[in-house]
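To start, the structure itself, in structure tokens.
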There are 2 protein chains.
Amino acid sequence: MSLKYALLGFLNYADMTGYELKQHFDSSIQHFWNAKLSQIYPALSQMEKDGLLVMEVEYQEQRPNRKVYKITAAGRQELKRWVGTTMELQSVREAFLVQVFFMAQLDRESALGVMRHQLEQYRKRLENYHLFKKSFSEVVPAEVFKEDAVFWELTLDAGIKYGTAAVEWVEEAIEKIKGMERVKGGLEVSHDG
Amino acid sequence: MSLKYALLGFLNYADMTGYELKQHFDSSIQHFWNAKLSQIYPALSQMEKDGLLVMEVEYQEQRPNRKVYKITAAGRQELKRWVGTTMELQSVREAFLVQVFFMAQLDRESALGVMRHQLEQYRKRLENYHLFKKSFSEVVPAEVFKEDAVFWELTLDAGIKYGTAAVEWVEEAIEKIKGMERVKGGLEVSHDG
DNA sequence: ATTATATATATAAACATTTATATATATAAT
DNA sequence: ATTATATATATAAATGTTTATATATATAAT
């Protein structure tokens, strides 16, 4: 469960409400970890019970009160412990590869259709990473965040590396599928006359 | 939920028990999708209720009876529909990147320690993929599985591509961390005297 | 005028997944 | 002799995650 640590990580920079935390998820770590508000709110309550956070209500008129969470010393310690922990490799979960594994079920053209659609999606995602990286390089981070920004950018680089690998893999896969002997679902065309 | 379709996919090749299905998971799609027996058994029951499978009991003495599942026509149809469906890109979930994102918390050496450990793990995983690929190339698949084997190998190629990207990324990340200005957690060493 | 988006929290229900526990025996390895 | 592994299924409990629903208002866009 990285959600808890992501919340601690953001609250280590500033006190925030659940709503604001969600915005940080969406604008920074969204490409490798995301969470819905319906998961964030109960998580914050639980972490408060566990003494990792304290909550203070900011009263508002005509709107729900803001519940501002603040990280405690115990929370800071738990965050620091976790970022320094070496962990087992988590297992990969890639539904698309399950699809590919059983794709011999499909005729050639349908298979190519699915692969090309995936290629388009991978390309768009990669392009977004590149745009993000560009805007990232243009903004010089404040002195206090210089150190942090190096690591933030590393996670973006990971996205670009994986994204590039994904695009290249599908491109090669498409060529291999095109080159398959036409046994099922197509004519066996002779090219020597 | 790909579990259901993975089960349909394997049962499309042969009738099997839950236990045998688990073995297929472990020996073929494990590197991009896995499941515990405690997830597989209830899933099979549900799929039987839904008419995608039928079950027949093989009586055994001194052991639990074997419940052999067989795919139905409806199951075959559902499998074929699913493999031909273009889907939204699923979001990435990579706990390690959350760790990296907040790693400025750590002193330089601890950060490098965590990264090097991850590099070792990525390398081992990649090496396994390469070994698998080699053994895969050596075994000539039976005529009936020629077509299928192309797709099976494609999923392995994906593992190798992603695995290579992961190794390269951490290697580069380590160099970047080494090159960071030493602001916190270390001596600022002067090299000009 | 109407619709969409943003602000702000909360809960219920459903779905997906892991960990733990229970049962029972055969065979292979140390 | 003892331990580990393989065969075979099942359920409970806990955890993690998504979808849906509810409430209430302000502001921006069409």
Side-chain angles (χ1 to χ4, degrees), chain A residues 1-8 10 15-27 29-30 32-50 53 55-69 82 87-95 98, chain B residues 1-8 10 15-27 29-30 32-50 53 55-69 82 87-95 98:
Chain A
M1 223 263 281
S2 302
L3 173 63
K4 183 173 141 183
Y5 299 101
L7 294 170
L8 285 176
F10 285 123
D15 304 346
M16 264 177 277
T17 67
Y19 191 87
E20 288 166 328
L21 280 160
K22 169 62 174 160
Q23 292 173 316
H24 280 280
F25 269 81
D26 290 346
S27 66
I29 65 170
Q30 180 256 133
F32 51 86
W33 202 276
N34 210 346
K36 306 282 154 107
L37 279 168
S38 57
Q39 200 189 356
I40 291 173
Y41 286 123
L44 289 170
S45 297
Q46 186 55 52
M47 288 162 74
E48 199 204 354
K49 276 183 201 156
D50 297 342
L53 307 176
M55 186 265 281
E56 209 168 312
V57 177
E58 266 183 34
Y59 293 94
Q60 296 198 131
E61 274 167 34
Q62 292 168 322
R63 276 204 197 168
N65 295 326
R66 285 162 49 87
K67 291 190 173 178
V68 181
Y69 288 92
W82 183 76
M87 282 171 270
E88 290 291 287
L89 222 54
Q90 60 172 27
S91 53
V92 179
R93 271 191 124 58
E94 187 86 55
V98 178
Chain B
M1 222 262 283
S2 301
L3 173 64
K4 182 173 141 181
Y5 300 101
L7 294 170
L8 284 175
F10 286 123
D15 304 346
M16 265 177 276
T17 66
Y19 191 87
E20 287 167 327
L21 280 160
K22 169 62 174 161
Q23 292 174 315
H24 280 279
F25 269 80
D26 290 345
S27 66
I29 65 170
Q30 181 255 134
F32 50 89
W33 203 276
N34 209 348
K36 307 280 153 108
L37 279 168
S38 56
Q39 200 189 355
I40 292 173
Y41 286 123
L44 289 170
S45 297
Q46 186 54 52
M47 288 162 74
E48 200 204 354
K49 276 183 200 154
D50 297 342
L53 307 176
M55 188 266 280
E56 210 168 311
V57 178
E58 267 183 33
Y59 292 93
Q60 295 196 131
E61 274 166 33
Q62 294 170 319
R63 276 206 199 169
N65 296 326
R66 285 162 50 88
K67 291 189 172 179
V68 181
Y69 288 91
W82 182 76
M87 282 171 271
E88 289 292 288
L89 223 53
Q90 60 173 29
S91 53
V92 179
R93 268 189 128 58
E94 188 86 55
V98 178

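Predicted, not measured: the structure shown is a model, and the values here were computed from it. Proteins come first, then strands; the chains are lettered A, B, ... in the order of their sequence lines, and each starts at number 1.
Atom OH of B/Y5 is separated from atom C1' of C/dC15 by 14 Å (rounded to the nearest Å). With rounding to whole Å, A/M1 atom CE is found 16 Å from D/dA14 atom P. Atom CG in A/L7 sits about 11 Å away from atom P in D/dT17, given to the nearest Å. The distance between atom CD of A/Q46 and atom P of D/dA14, rounded to the nearest whole Å, is 13 Å. Atom CG of A/D50 is separated from atom P of D/dT15 by 11 Å (rounded to the nearest Å).
A search for salt bridge (charged side-chain N to carboxylate O under 4.0 Å, His left out) contacts involving B/D50 returns nothing, not counting sequence neighbours. In terms of the ring pair (Phe, Tyr, Trp, His ring centres under 6.0 Å) criterion, B/Y41 has no residue partners (sequence neighbours excluded). Not counting sequence neighbours, the partners of A/M87 by the side-chain contact (heavy atoms from CB on, under 4.5 Å) test are A/W82, A/T85, B/Q99. Residues satisfying the ring pair (Phe, Tyr, Trp, His ring centres under 6.0 Å) criterion with A/F25, sequence neighbours excluded, are A/F10. Qualifying side-chain hydrogen bond (donor to acceptor under 3.5 Å, both in side chains) partners for A/E56, counting only residues two or more places apart in sequence or in other chains: none. Legend: residues meeting ring pair (Phe, Tyr, Trp, His ring centres under 6.0 Å) with B/Y19, ordered by chain and number and at least two apart, are absent. With sequence neighbours excluded, no residue forms a salt bridge (charged side-chain N to carboxylate O under 4.0 Å, His left out) with B/E88. Residues forming a ring pair (Phe, Tyr, Trp, His ring centres under 6.0 Å) with B/W33 (at least two apart in sequence, or on another chain): none. Evaluation of the salt bridge (charged side-chain N to carboxylate O under 4.0 Å, His left out) rule for B/E20 yields B/R66 as partners, not counting sequence neighbours.
Look at B/R93 and you won't find any side-chain N or O under 4.0 angstrom from OP1 or OP2 of D/dG16.
Here the closest non-hydrogen pair linking A/K22 and A/K36 is NZ-CA, 4.4 Å.
Panel note: side chain B/Q90, backbone A/R93; a donor-acceptor pair is recorded below 3.5 Å.
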Which letter, B, S or -, goes with each nucleotide of nucleotides 19-29 of chain C from 5' to 3', with contact meaning a protein heavy atom under 4.0 Å? BB----SS---

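Consecutive Watson-Crick or G-U pairs involving DNA chain C, each under 3.5 Å on both distances, make up stems of three or more pairs at C:1-30 with D:1-30.
Remark: A/T17, A/G18, A/Y19, A/Q23 in residues 15-25 of chain A come within less than 4.0 Å of DNA chain C through at least one heavy atom.
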